[in-house]
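Okay, so here's the structure we're looking at.
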Amino acid sequence: MADNNLRFDGRVVIVTGAGGGLGRSHAIAFGARGASVVVNDLGGSHTGEGASSRAADLVVDEIRAAGGKAVANYDSVLDGDKIVETAMKAFGRVDIVINNAGILKDVSFARMTDQQWNLIFQVHVEGAYKVLKAAWPIFRKQKYGRIINTTSAAGLYGNFGQANYSAAKLALVGLTQTLALEGKKDNIHCNVIAPMAASRMTETVLPPDMLASLKPEMVTPLVEYLCHEDTTENGSIFEVGAGFVGKLRWERTGGHGFPIDKSLMPEHISSEWAKITDFEDGRATHPTSTAESMEGIMANFENVAGEAAARPKVVSADGKVDVEAAKSLTFEPEVFEYSERDVILYNLGIGAGRKDLHLVYENNEAFGAVPTFGVIPSFTAMNSVPFGEILPSFNPMMLLHGEQYLEIIKPFPTHGKLTSTPYVVDILDKGKGCVATIGVKTVDENGDDICINEFTMFIRGAGNFGGKKEGADRGAATAVNQAPSRKPDHIVTEKTSEDQAALYRLSGDWNPLHIDPDMAAVGGFEVPILHGLCSFGVAGKHIFKTYCNNNATSFKNIKVRFAKTVNPGETLETSMWREGNKVLFQVRVVERDAIVISNAAVELQGEALKSAPSAAAAAAPAAAAAAGDFKSAAAFEQIKTGILAMSSADRQAQVKKIKGIFQFDITNDEGKTATYHIDLKNGEGAVGSGPASAKPDVVISVKDSTFVDLASGTANAQKLFMSGAIKVKGQVMLATKLGDVLKANKSKL
Ligand SMILES: CCCCCCC[C@@H](O)CC(=O)SCCNC(=O)CCNC(=O)[C@H](O)C(C)(C)COP(=O)(O)OP(=O)(O)OC[C@H]1O[C@@H](n2cnc3c(N)ncnc32)[C@H](O)[C@@H]1OP(=O)(O)O
């Protein structure tokens, strides 16, 4: 026997229609367990006629006699504010509302009058509304409220002679479910019960021997349980009576999706009727929200008949996947036209900021995308892959990005038009999920190859379709890339922003999983998660900075596995190990100590192979920089290697130590030369036109075809030069970078 430990001391309960039957039972039970009770009853008959105070008074007396606290209220539920006022006047608060009052006007639909219809709606629906409307602001303010609405089996299933009552009772289910959603954040819970009990109302529809066993006291305990402060149940429907308590939910068949590009005719419906109505074929689901209810409809958006009909069938009726048929499919190429704005947006989306001018400022000499940008043009190509057709069961909310491989063939221009064509690489059956890899080849306007991507998707719950478990070895794309056990050579830590996913999605991945809490909940996540490709970009940016001097040609390829999800706002820590021409890396979420990117590597090429520092190599120029030894061309080179490899905070600190006079002689195609100098004192200085007044420590001569004649208007030219608007190549880039750092240091420029 359970203890009587579900108490309601200090709580105030309103029970409507509490003069008899269920309401009386609820009121007495709450009174006995410490609650102060407002016993509302108009005192009318079960059909709504008459009014007397007696029914409510008797129940109040009963509660008081047992040592409880109660007051009577004789208002109609249509005056719900007066009932709530009674509670506030008598007890100063309201915690629980039990909408129990109701009447019947049973008559067959053929004979039902408007008045009979309207009256039932008034008492049941409008009455519940009025009481709740008055209590709601109190609940919200105190961040607490418990509501029970009372529906009926007649509402859930219909009942002969009760069209008005059935319709009104089902309205209360809708009211309950919406209030549960709206009240959740303020700790207001709302549930609905369909009781079966002997009462003045059921007397008219049930035989006497059944009524005897249907005591209201067998319903009330569920109401008490649902209204207790420890109960988390919210938005649920229960059937209760004669000692039975059960929860009710919706069930929907797997249904049938018709092609969206063909007109739908009743004959089509007829031909698929068996499937539309089959609850037993293992495809039925139990949607619990509007978002879940829409899943079937959303999945069907990709059901395009014209193209589908022309393609070989990949998934058989029994769910088997013909991978070879999938590989033979060809899909429409997608064009991605972009400008510097898109490059900046992408770089911002992966955490670049105003301090990374070469990533966010189009006029900066070194402006360009982090090489991981290569996933963006190809992402659009995913639009032409009919996932619903090639995967055994596809639900976009259950899709997680599993792995990514990107091979860079040619550096990306900062604007242009790229065309990407997808193809199926493999479809594996991993039991827990289906793992599908889609390749995408991207070419520029000349048809030259720019990059190749392989997107691997893990679709949870779509496995066990009898497919193969292992795919072929595809070199770097499937390399294991085990992180070494030694200490990382480099670690870069970066806190993502709470708005990271909101920003990243603007680069083309509009998946609602990353922005819409309801959709994330359908996928089983507490909050919208960060895009895998966003974390991928953040880590890629760390490697780009650490090993590549931000040189866009230094990534040959990059491969990652998304091992765990990341939430926007978490701190990503990239650990890096240089092994031959690879930088092996992994990413950890610091707050949860969880490895979120594993089995990852960047293969370096070109300059980066020569200059990419191991930990020891990086230390030497940094040490030189720290010692302030900048007065030789060699030391200047060290600045370049050492300082630019540092984090921006360290770099700023080092630049502050720089002393020296730097002179730049820039010659254009016509042989005109302009000279500028920077006199740095502790990292501060201004660009001057003409040769340095004292003997320069370093003279750098540069030829640049895009360099315009700077001989006139030097003050202006000087500004342009420092802003990077004038495009110069080679070492002058470094001067521009120094200029950036100087600006960041609030130099007098
Ligand atoms: C429509 C356009 C498409 C474009 C795609 C991009 C759309 C984006 O909007 C979507 C996203 O960005 S989602 C966010 C990024 N991704 C993630 O957060 C996924 C994180 N990973 C996980 O949760 C688990 O690894 C998880 C759940 C994936 C697997 O974990 P577990 O279920 O615990 O699996 P486990 O027991 O470890 O392994 C089972 C078998 O699966 C293989 N495997 C594991 N993780 C994998 C992964 N990430 N990718 C590929 N395969 C993976 C394992 O090797 C194992 O195989 P086997 O049994 O053969 O050893």
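Atoms within a ligand are numbered from 1 in the order they appear, just like the ligands themselves.
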For the [atom1] atom on [X], are there more than 12 heavy atoms of other groups (residues, nucleotides or ligands in this structure) within a distance under 6.0 Å?
{"X": "K184", "atom1": "NZ", "value": "no"}
{"X": "R592", "atom1": "CZ", "value": "yes"}
{"X": "H268", "atom1": "NE2", "value": "yes"}
{"X": "E251", "atom1": "CD", "value": "yes"}
{"X": "K417", "atom1": "NZ", "value": "no"}

List every atom of ligand 1 that sits less than 4.0 Å from any heavy atom of [X], numbering the atoms from 1 in the order shown and giving each element.
{"X": "I529", "answer": "14 (C)"}
{"X": "E470", "answer": "59 (O)"}
{"X": "G402", "answer": "47 (C), 48 (N), 49 (N)"}
{"X": "T565", "answer": "17 (C), 18 (O), 20 (C)"}
{"X": "L530", "answer": "14 (C)"}
{"X": "K564", "answer": "18 (O), 20 (C), 21 (N)"}
{"X": "F387", "answer": "1 (C)"}

What about [X]: any of its N or O atoms under 3.5 Å from an N or O on ligand 1?
{"X": "G532", "answer": "yes"}
{"X": "D509", "answer": "yes"}
{"X": "T456", "answer": "no"}

message: Checking contacts here: is it the side chain or the backbone of F562 that comes within 4.0 Å of ligand 1, counting heavy atoms only? Could be both or neither.
response: both
statement: The answer for which part of S535 has a heavy atom under 4.0 Å from ligand 1 is neither
Short N-O contact, [X] and [Y], less than 4.0 angstrom:
{"X": "D429", "Y": "K468", "result": "no"}
{"X": "E579", "Y": "R486", "result": "yes"}
{"X": "K275", "Y": "D281", "result": "no"}

Is [atom] less than 4.0 angstrom from at least one protein heavy atom?
{"atom": "atom 49 (N) of ligand 1", "answer": "yes"}
{"atom": "atom 56 (O) of ligand 1", "answer": "yes"}
{"atom": "atom 41 (O) of ligand 1", "answer": "yes"}

Can you tell me which residue and heavy atom of the protein come closest to [atom], and the distance to 0.1 Å?
{"atom": "atom 17 (C) of ligand 1", "result": "H401 O, 3.7 Å"}
{"atom": "atom 27 (C) of ligand 1", "result": "L400 CD1, 3.9 Å"}
{"atom": "atom 30 (O) of ligand 1", "result": "F458 CZ, 4.7 Å"}
{"atom": "atom 59 (O) of ligand 1", "result": "K430 NZ, 2.7 Å"}
{"atom": "atom 22 (C) of ligand 1", "result": "A563 O, 3.4 Å"}

- prompt: What class does the angle between the rings of F373 and F412 fall in, given that below 30° is parallel, 30 to 60° is tilted and above 60° is perpendicular?
  reply: perpendicular
task: For the residue pair H256 and F258, categorise the inter-ring angle as parallel (less than 30°), tilted (30 to 60°) or perpendicular (more than 60°).
output: perpendicular
Those residues that, when tested against R588, pass side chain to side chain contact (heavy atoms under 4.5 Å, CB included) (two or more places apart): E573, V590, D593, I595
Which option wins on minimum heavy-atom distance to [atom]: [options]?
{"atom": "atom 10 (C) of ligand 1", "options": "M398, H514, H531", "answer": "H514"}
{"atom": "atom 51 (N) of ligand 1", "options": "K469, R561, M457", "answer": "R561"}
{"atom": "atom 35 (P) of ligand 1", "options": "M382, R505, K432", "answer": "K432"}

- prompt: Cut-off 3.5 Å, side chains only: do H514 and R505 have a donor facing an acceptor?
  reply: no
query: Has L399 got any heavy atom lying under 4.0 angstrom from an atom of ligand 1?
result: yes
task: Check K559, R578, K556 against E603 for a salt bridge (Lys or Arg N to Asp or Glu O under 4.0 Å) and give me the one that passes.
output: K556
- prompt: Given P287, which of E295, R249, R252, M294 fulfils the side chain to side chain contact (heavy atoms under 4.5 Å, CB included) condition?
  reply: R252
